[in-house]
Amino acid sequence: MATTESHPPHDATILRPKWPLALWLAHLAVPAALIGHASAALSRTGASGVARWAVLAVCTAWLILGLALAALPRGRRWLVGVRWQLLLGCASLAISLLVVGESAVRMLSWRDVDGNRKFRTIVLKPLHLPLASTQQEIDRYLESSASTTIYDPDLGWAPRPRQASQWYAYNAAAIRVASPDHEFDPQPPPGNWRVALFGDSFTQGAEVEFADSWGAKLEQDLTAGGHPSEVLNFGVGGYGMDQALLRWQKQGRPLLPQIVVFGFQPENIDRNANLIRRLYQINSGNPLSKPRFILTPTGLQLLNRPCLPPEKLVETLRSLDRWELVRYEEYYRPGDYAPHLWQRSLLLQVVVELATRETGLEPARFALARPRIALALEIIRAFDREVRAAGSRFVVVHLPNSDHLAAMREQGALPYADLLAAIGRDVTLVRTEAALLDLANELPAEAMFRPAGHYGPQANALVARRVAETLIEPAAPAK
């Protein structure tokens, strides 16, 4: 007996969508819009701006429509119901996404006065040397007699003597004090400890009143602990470890401190490899240059001293490749300033930057074999030798920033733990990171750190307490 083969009923809604022609036309609109934009751009008639907006509108509309189709059950049946429909849909949606993303980056980015294009915190390549912005900063500096920072041929820059601002006051020796008229005698007061602090803005006590800085708190803690003291704060914002050592040589040693405390903020390792500040930090308001050491077989060798005067900085930047010290400026990489074809896509640049960006806290970056680490250790050793040769005691205090503490919380240890161990083998090291992390876990972020990332009053007090405990326990010898 003959049998008849049965077939399942044909689902027209799956194989034959009601409007496949509209979908295909939508797919074709994307390449058509791109071709139209390219033609308008090549014609140089000024119509490329209109074409750009038309392309963005077409791609945005198709992106929204495509995502809506993919979100609805019936839309998904339409997408897979025609041969090659799914592949074509994915391809055209991907192109649309790229066009919309590229347009978004272009609309949200901007150019600074030097021509550098910036997207949020990312500076896109090719870079442009900071000629115009440096000239503006130098013009303001030369035309004003009230700047808080001045050019120093030996140190690069220093606080302006006898000036006061919202947070800071400096005496005639540019030491941070409560009032500009507070001066220190050439000799320490009899029976008192004279303690001199050197370092960057974390040592300076940036963003807090003088009374809340750890230098002022240290003076109180030492006195309360039975050792009347005066603390001289030589910390300066933006200083590298090299500048801290040079300021000790120039201004600290003549004042005969019995104790010298160096505030070690790990970012300073990178500052040691910099000569022109604006190349290290493109958004810095400081246009000046600084001295730096290099490590040679015979020890430290000092470069760029006297430092470039402000009047010569722009000229030096303009012919940077011919500057005799350019090979020692580790923050100038000629390849970053050369245009490449792939950099025409700003979206691609942002993606590559985010994918390859170093946080600065990778453990491998702090391997002791790295030249910058070796240089930092030698600067600390030289600092210790010179202080001890002057008959004084040398102490290093660890001043981690918020990123370092966050890395310690996440990784269970500091990424530069080996470096701290190496410092501790050479000199007296005050470890503050564990206590600061405990405090950070107790305090709200705005109380622990100020808006620019420096310590708040409680963190400053904690650092002072830890340093005082270290100085008092093995009683420091007085001269």
Side-chain angles (χ1 to χ4, degrees), residues 167-168 175-178 193-225 227 229-237 239 241 244 252 257 259-269 380 383 393-409 414 416-417 419-420 423-424 427-474 476:
W167 295 111
Y168 316 108
I175 300 170
R176 188 180 183 190
V177 287
W193 283 355
R194 172 170 283 180
V195 182
L197 313 182
F198 296 87
D200 69 353
S201 54
F202 279 78
T203 300
Q204 175 194 36
E207 296 186 273
V208 295
E209 301 287 350
F210 175 80
D212 290 325
S213 66
W214 67 267
K217 294 291 186 183
L218 176 61
E219 183 174 301
Q220 297 173 9
D221 290 347
L222 291 174
T223 301
H227 298 277
S229 302
E230 60 176 8
V231 174
L232 285 60
N233 192 333
F234 288 91
V236 180
Y239 263 22
M241 300 167 64
I259 303 170
V260 174
V261 180
F262 168 59
F264 173 64
Q265 203 277 95
E267 185 212 349
N268 297 171
I269 295 168
I380 290 175
F383 213 150
R393 182 183 179 191
F394 183 66
V395 175
V396 175
V397 56
H398 177 217
L399 302 176
N401 63 27
S402 58
D403 290 337
H404 303 142
L405 294 178
M408 182 179 175
R409 182 187 293 113
L414 288 166
Y416 49 90
L419 171 60
L420 284 180
I423 294 173
V427 301
T428 300
L429 175 64
V430 182
R431 303 290 292 260
T432 62
E433 62 273 13
L436 284 170
L437 184 58
D438 289 341
L439 183 63
N441 292 332
E442 297 173 2
L443 293 177
E446 60 272 15
M448 181 71 184
F449 296 102
R450 305 308 253 179
H454 299 98
Y455 296 153
Q458 294 97 323
N460 272 278
L462 186 153
V463 171
R465 187 164 59 251
R466 291 289 294 116
V467 174
E469 291 168 355
T470 300
L471 295 180
I472 290 174
E473 285 173 3

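In this chain, numbering begins with 1 at the start of the sequence shown. Here the structure is a predicted model, which is why all the values come from computation and not from measurement.
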What I'd like to find out is whether the side chain of [X] reaches to under 4.5 Å of the side chain of [Y], using heavy atoms alone.
{"X": "Pro257", "Y": "Val195", "answer": "no"}
{"X": "Leu429", "Y": "Val395", "answer": "no"}
{"X": "Pro400", "Y": "Tyr455", "answer": "yes"}
{"X": "Glu433", "Y": "His398", "answer": "yes"}
{"X": "Phe264", "Y": "Ile423", "answer": "yes"}
{"X": "Leu420", "Y": "Arg431", "answer": "yes"}
{"X": "Val467", "Y": "Trp214", "answer": "yes"}
{"X": "Leu439", "Y": "Met448", "answer": "yes"}

Rounded to the nearest 0.5 Å, what's the gap from [atom1] on [X] to [atom2] on [Y]? Could you check?
{"X": "Leu405", "Y": "Leu414", "atom1": "CG", "atom2": "CG", "answer": "7.5 Å"}
{"X": "Gln265", "Y": "His404", "atom1": "CD", "atom2": "NE2", "answer": "5.5 Å"}
{"X": "Asp200", "Y": "Glu267", "atom1": "CG", "atom2": "CD", "answer": "7.5 Å"}
{"X": "Leu197", "Y": "Leu232", "atom1": "CG", "atom2": "CG", "answer": "8.0 Å"}
{"X": "Leu436", "Y": "Met408", "atom1": "CG", "atom2": "CE", "answer": "9.0 Å"}

With no hydrogens and no angle check, is any side-chain donor or acceptor of [X] less than 3.5 Å from a backbone partner on [Y]?
{"X": "Ser213", "Y": "Glu209", "answer": "no"}
{"X": "Ser229", "Y": "His227", "answer": "yes"}
{"X": "Thr223", "Y": "Gln220", "answer": "no"}

Test Arg465 against Leu218 for side-chain contact (heavy atoms from CB on, under 4.5 Å), laying out the working first. CA-CA 7 Å; Arg465 187 164 59 251; Leu218 176 61; over 6 Å; no
Looking only at heavy atoms, which two atoms of [X] and [Y] are closest? And how far apart?
{"X": "Glu219", "Y": "Val231", "answer": "OE1-N, 2.8 Å"}
{"X": "Lys217", "Y": "Ala464", "answer": "CB-CB, 3.5 Å"}
{"X": "Asn460", "Y": "Asp212", "answer": "CB-O, 3.1 Å"}

Determine whether the aromatic ring centres of Phe234 and Phe198 lie less than 6.0 Å apart.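 Yes, close enough.
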Checking Arg450 now: which residues fulfil side chain to side chain donor-acceptor pair (under 3.5 Å) with it, not counting sequence neighbours?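 Side chain to side chain donor-acceptor pair (under 3.5 Å) list for Arg450, sorted by chain: empty.
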Hey, mind stepping through Val396 and Ile380 against side-chain contact (heavy atoms from CB on, under 4.5 Å) and telling me if it holds? CA-CA 9 Å; Val396 175; Ile380 290 175; 4.3 Å; yes
Scan the side chains in residues 201-208 for donor-acceptor partners under 3.5 Å anywhere in the protein, sequence neighbours excluded, and list what turns up.
residue, atom, partner, partner atom, Å
Ser201, OG, His454, NE2, 2.7
Gln204, NE2, Tyr170, OH, 2.6
Glu207, OE1, Ala452, N, 3.3
Glu207, OE1, His454, N, 3.4
Glu207, OE1, His454, ND1, 2.7
Glu207, OE2, Ala452, N, 3.0

May I have the step-by-step check of side-chain contact (heavy atoms from CB on, under 4.5 Å) for Trp193 and Glu230, ending in yes or no? CA-CA 6 Å; Trp193 283 355; Glu230 60 176 8; over 6 Å; no
Dump the intermediate steps for ring-ring contact (aromatic ring centres under 6.0 Å, His included) on Phe394 and Phe383, then the final yes or no. CA-CA 8 Å; Phe394 183 66; Phe383 213 150; 4.9 Å; yes
